Number of protein chains: 2
Amino acid sequence: MGQRSDSDHVMAEATTDKRQGHTRGRTGNDRRTQIIKVATELFREKGYYATSLDDIADRIGFTKPAIYYYFKSKEDVLFAIVNSIVDEALERFHAIAAGPGSPGERIHALLVEHTRTILRNLDANTVFYNERGLLSPEREREMRKREREYTEIMQRLYAEGVATGELLDVDPTVATATLLGAAIWTYRWYDPEGRLSADEVVEQITRLLLNGYRRPA
Amino acid sequence: MGQRSDSDHVMAEATTDKRQGHTRGRTGNDRRTQIIKVATELFREKGYYATSLDDIADRIGFTKPAIYYYFKSKEDVLFAIVNSIVDEALERFHAIAAGPGSPGERIHALLVEHTRTILRNLDANTVFYNERGLLSPEREREMRKREREYTEIMQRLYAEGVATGELLDVDPTVATATLLGAAIWTYRWYDPEGRLSADEVVEQITRLLLNGYRRPA
DNA sequence: CCTACCGATCGGTAGG
DNA sequence: CCTACCGATCGGTAGG
């Protein structure tokens with residue numbers, strides 16, 4: 001809490017070579033990244049509304065108006081976080097769906113990669129799933145549209161697998177929402193400091209979803 | 001939006017027989033119930049912070065201080081909603097776990113009933129899952145404790161099923177979080193006005209979780 | 001990136 | 001259950 005993380009440190013180093021006279025050697029992009037990082041932590045801990053811009057500025061060590069040098073509004077900070085998550089997910093789904101394997105194998109790959117990504121970046125994904133509803137109506141519509149885009153990729157894949165007889169015959173909308181929901185829900189309970197590694201959890205969840213909880217006789 | 005629902009209407013009727021001179025024939029308990037109902041709708045629509053006590057009072061047709069006649073604070077209104085949800089879940093889990101059937105059969109029953117309950121009362125369950133983190137630290141701890149209580153019931157059941165060989169051998173914590181998560185996630189995507197009935201959705205989800213998405217050969 | 005400040009919102013209370 | 005009101009918080013801006 002409050003201490004610099006590794007990724008932050010690495011980024012600070014990366015720009016050290018080409019110092020441009022900015023305070024403490026940070027470039028503008030670096031500062032922007034730092035604001036996003038700290039905001040992500042705080043939005044996750046306390047939620048968007050309960051986090052003030054003063055809270056964010058305090059944790060970084062400057063004052064609130066500095067944030068307005070990099071962002072037009074508080075909502076823009078949230079949007080930056082949420083947008084990058086949906087961007088990455090969209091790209092990932094496109095890549096895997098277009099890749100090799102049967103529909104069932106590609107769905108398995110989607111579930112593995114989606115869960116891995118969430119567990120590897122719990123802060124931002126928690127903010128994404130908890131706070132994306134607080135964006136302006138226009139931006140929320142935009143987000144929903146892109147989310148629908150990648151869930152539809154999975155639905156088409158599922159429908160294909162049902163048609164070939166590879167996958168259990170349930171409604172593709174229900175199937176994908178349920179499977180993705182099971183994967184996404186990890187953000188609510190997984191504890192990185194806990195007993196189980198992220199890789200173990202990913203393996204067990206995806207095996208459970210593939211085979212069902214009833215052990216085959 | 002803004003119109004009286006059936007349940008509201010029914011409650012108003014129920015107290016008509018024994019009018020006590022209250023405005024529009026409502027008893028105190030009735031008013032309290034009405035405040036909870038309207039707050040539940042608004043907290044779901046706009047979230048807890050974005051909903052003011054004036055919003056709630058406006059939709060009912062009186063003024064903010066009236067709410068303080070029935071509740072000590074805004075948080076108490078949220079607590080009333082969240083508390084009743086966790087109460088019912090706890091009772092349901094206890095009853096089913098103590099009931100008949102193999103561990104696998106009782107887990108199936110738990111998933112069916114939990115999903116049904118969520119779909120039948122989407123407003124309050126959405127508030128529960130979205131806003132329970134906004135309670136005071138003491139109350140949040142109390143909620144988490146009771147939630148843990150009923151997830152542990154399911155974990156013990158799962159462990160028992162693994163021991164007898166009935167259930168797939170994955171960690172009971174992972175299994176129950178994943179299965180429950182898949183069921184709970186319905187609150188985020190199920191549309192009561194949509195193509196599928198709640199009963200169909202419950203049947204398909206629980207069948208999918210039991211058998212897995214790969215069709216048995 | 002800072003100091004100083006404004007305007008609006010809102011939970012909660014006094015006093016009836 | 002109402003009118004009137006207070007105190008605190010907070011996003012955002014002026015002006016440098």
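Treat the numbers as computed from the prediction; the structure is a model and nothing was measured. Excluded from the calculations below are hydrogen atoms, water molecules and symmetry mates; all remaining heavy atoms, backbone and side chain alike, are included. In the text below, chain A, chain B and the rest are named by the order of the sequence lines, each starting its count at 1.
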Distance-only side-chain donor-acceptor flag, A/D171 / A/T173, under 3.5 Å: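 Yes, A/T173 and A/D171 have a side-chain donor paired with an acceptor closer than 3.5 Å.
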Members of residues 130-140 of chain A that approach DNA chain D, where some heavy atom sits under 4.0 Å away: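 Listed by number, there are none.
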Does [N] have OP1 or OP2 under 4.0 Å away from a side-chain N or O of [X]?
X     : N     : result
B/T63 : D/dC1 : no
B/Y70 : D/dC1 : yes
B/Y69 : D/dC1 : no

Contacts of type side chain to side chain contact (heavy atoms under 4.5 Å, CB included), residue B/N130, not counting sequence neighbours: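 Counting only residues at least two positions away or on another chain, B/N130 forms a side chain to side chain contact (heavy atoms under 4.5 Å, CB included) with A/R188, B/T126, B/Y187, B/R188.
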How many Å lie between [atom1] on [X] and [atom2] on [N], as a whole number?
X     : N      : atom1 : atom2 : value
B/Y68 : D/dT3  : OH    : C1'   : 16 Å
B/F71 : C/dC10 : CZ    : P     : 20 Å
B/R32 : D/dC1  : CZ    : P     : 14 Å

No-H, no-angle donor-acceptor pair, A/K74 side chain to D/dG12 base, under 3.5 Å: no
Secondary structure string for DNA chain C (Watson-Crick or G-U under 3.5 angstrom, | for other-strand pairs): ||||||||||||||||
Pairwise side-chain contact, B/T40 with B/I36, heavy-atom cut-off 4.5 Å (strictly under):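 They are in side-chain contact.
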